[in-house]
Trainee: 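First the structure, which I've put down as structure tokens, then a few questions once you've had a look.
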Amino acid sequence: MVIKVYGPAYASSKRLMLCLAEKGIEFEPVPIDLFKGEHKTPEFLELQPFGQVPVIQDGDYTLYESRAIIRYYAEKYKSQGTDLLGKTMEERGVVEQWVEIEAHNYHPPILDMTMHISFASKLGFTQDEKLINESEEKLGKALDIYEKRLSESKYLGGEFFSLADLSYIPMTEYLVGPIEKEYMIRDRKHVSIWWDEISNRPSWKKIQQL
């Protein structure tokens, strides 16, 4: 049975679709229009009671929260496609560490910038320049730490591509694209090399074409 992925073509949905592509798992995108409030309909709230995206339906199994989903499929299909977890518990510990760092230190400032730069007018609120500048400063401090890490290893989790890198791709696409902050990547040599490497993976190109 083909997995159904409910969500808009935004970062969190792309995160899990990218994982499925790396594992060679077929899936069917089911678009959810946030601007029309489709994530708050009774039917959708049956799937996700918090009214958030994405959600997957895998037969009788339903799961939400994109990082929980990518962990689930990386483990369930560990021997299929790209090994996204590492071969030892120590490697996995480092991978999990950088996934958590993405959730708490990377995603929030980019999301704030994206919402205020790209979506303020569409969502009917005033662009907050102070918040944009504060978010950019927070992100810059985080990227300085990534620069040091990536001067020591090819990828965030070590010498292999993993969930630690995959989780960053969709939000970084916003950073270098719509919100026009690519210099934050390019001003850091090792971060720039890492981004060119991970953003050119065939799996990501496939997701971009959906």
Trainee: Would you mind reporting whether Glu129 and Ile132 have side-chain heavy atoms less than 4.5 Å apart?
Mentor: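 A side-chain contact under 4.5 Å exists here.
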Trainee: Under 6.0 Å between ring centres, would you say that holds for Tyr168 and His107?
Mentor: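 When the ring centroids of Tyr168 and His107 are compared, they turn out to be at least 6.0 Å apart.
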Trainee: Can you confirm whether Val94 sits close enough to Arg149 that some side-chain heavy atom of one is under 4.5 Å from a side-chain heavy atom of the other?
Mentor: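 Heavy-atom side-chain distance check passes, below 4.5 Å.
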Trainee: Given Glu96 and Arg67, is the salt bridge (Lys or Arg N to Asp or Glu O under 4.0 Å) satisfied, shown in steps?
Mentor: CA-CA 10 Å; Glu96 293 280 6; Arg67 294 174 191 84; over 6 Å; no
Trainee: Give the cluster check for Phe125 versus Ile179: same hydrophobic cluster or not, with ILVMFWY residues linked at side-chain heavy-atom distances below 4.5 Å.
Mentor: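 Yes, Phe125 and Ile179 fall within the same hydrophobic cluster.
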Trainee: Does the side chain of Ser153 come under 3.5 Å of the side chain of Glu159 through a donor N or O and an acceptor N or O?
Mentor: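 No, Glu159 and Ser153 have no side-chain donor paired with an acceptor closer than 3.5 Å.
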Trainee: For Gln52 and Tyr64, does a side-chain donor sit closer than 3.5 Å to a side-chain acceptor?
Mentor: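 There is no such pair between these side chains.
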Trainee: Determine whether Ile32 and Leu210 fall in the same hydrophobic cluster, where Ile, Leu, Val, Met, Phe, Trp and Tyr are linked whenever their side-chain heavy atoms lie under 4.5 Å apart.
Mentor: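 Hydrophobic grouping puts Ile32 with Leu210.
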Trainee: In the structure I gave you, are the side-chain heavy atoms of Glu197 and Tyr155 within less than 4.5 Å of one another anywhere?
Mentor: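 Side chain of Glu197 against side chain of Tyr155, heavy atoms only: contact under 4.5 Å found.
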Trainee: Is there a side-chain contact between Val53 and Gln48 in this structure, where contact means two heavy atoms from C-beta onward sitting under 4.5 Å apart?
Mentor: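 Not in contact.
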Trainee: Between Val55 and Thr62, what is the shortest heavy-atom contact and its length?
Mentor: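 Shortest heavy-atom contact: CG1-CG2, 3.7 Å.
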Trainee: Do Leu63 and Tyr61 make a side-chain contact, defined as non-hydrogen atoms from C-beta onward lying under 4.5 Å apart?
Mentor: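 SC-SC contact between Leu63 and Tyr61 confirmed.
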Trainee: Angle between ring planes, Tyr146 versus Trp98, binned at 30° and 60°: parallel, tilted or perpendicular?
Mentor: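 Tilted, since the angle between the ring planes falls between 30° and 60°.
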Trainee: For residues His190 and Glu147, is any side-chain donor paired with an opposing acceptor at under 3.5 Å?
Mentor: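 Yes.
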Trainee: Is Glu75 salt-bridged to Arg92, going by a charged N under 4.0 Å from an acidic O?
Mentor: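 The answer is yes: the pair qualifies as a salt bridge.
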Trainee: If we only count heavy atoms from C-beta on, is the Phe27 to Ile56 side-chain gap below 4.5 Å?
Mentor: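 No; the side chains remain at least 4.5 Å from each other.
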Trainee: Assert yes or no for the condition that the ring centre distance of Tyr72 to Tyr77 is strictly below 6.0 Å.
Mentor: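 Between Tyr72 and Tyr77, the centre distance exceeds or equals 6.0 Å.
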Trainee: With a 4.5 Å cut-off on side-chain heavy-atom distances among I, L, V, M, F, W and Y, is there a chain of contacts connecting Ile193 to Val176?
Mentor: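 Hydrophobic grouping puts Ile193 apart from Val176.
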Trainee: Quick one, Met113 and Lys138 - any side-chain contact, counting heavy atoms below 4.5 Å?
Mentor: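 Met113 does not reach Lys138 side chain to side chain.
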Trainee: Under a plain distance cut-off of 3.5 Å, with no hydrogens placed, do Tyr106 and Thr172 share a side-chain donor-acceptor pair?
Mentor: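 Checked: Thr172/Tyr106 side chains pair up, N/O donor to acceptor below 3.5 Å.
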Trainee: Do the side chains of Glu22 and Arg201 get close enough for a salt bridge, i.e. N-O under 4.0 angstrom?
Mentor: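 So Glu22 pairs with Arg201 through a salt bridge.
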Trainee: Tell me, do Val99 and Arg71 make a side-chain contact under 4.5 Å, heavy atoms counted?
Mentor: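 In contact.
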Trainee: Go through the side-chain N and O atoms of Asp58 and Tyr73 and say whether any donor and acceptor fall under 3.5 Å apart.
Mentor: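 The answer is yes; a qualifying pair exists.
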Trainee: Is the CZ atom of Phe50 crowded by more than 12 outside heavy atoms at less than 6.0 Å?
Mentor: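 Open: at most 12 neighbouring heavy atoms sit under 6.0 Å from CZ of Phe50.
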Trainee: Using a strict threshold of under 4.0 Å (side-chain N to carboxylate O), is an ion pair present between Glu182 and Arg186?
Mentor: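 Result for this pair is yes, salt bridge flagged.
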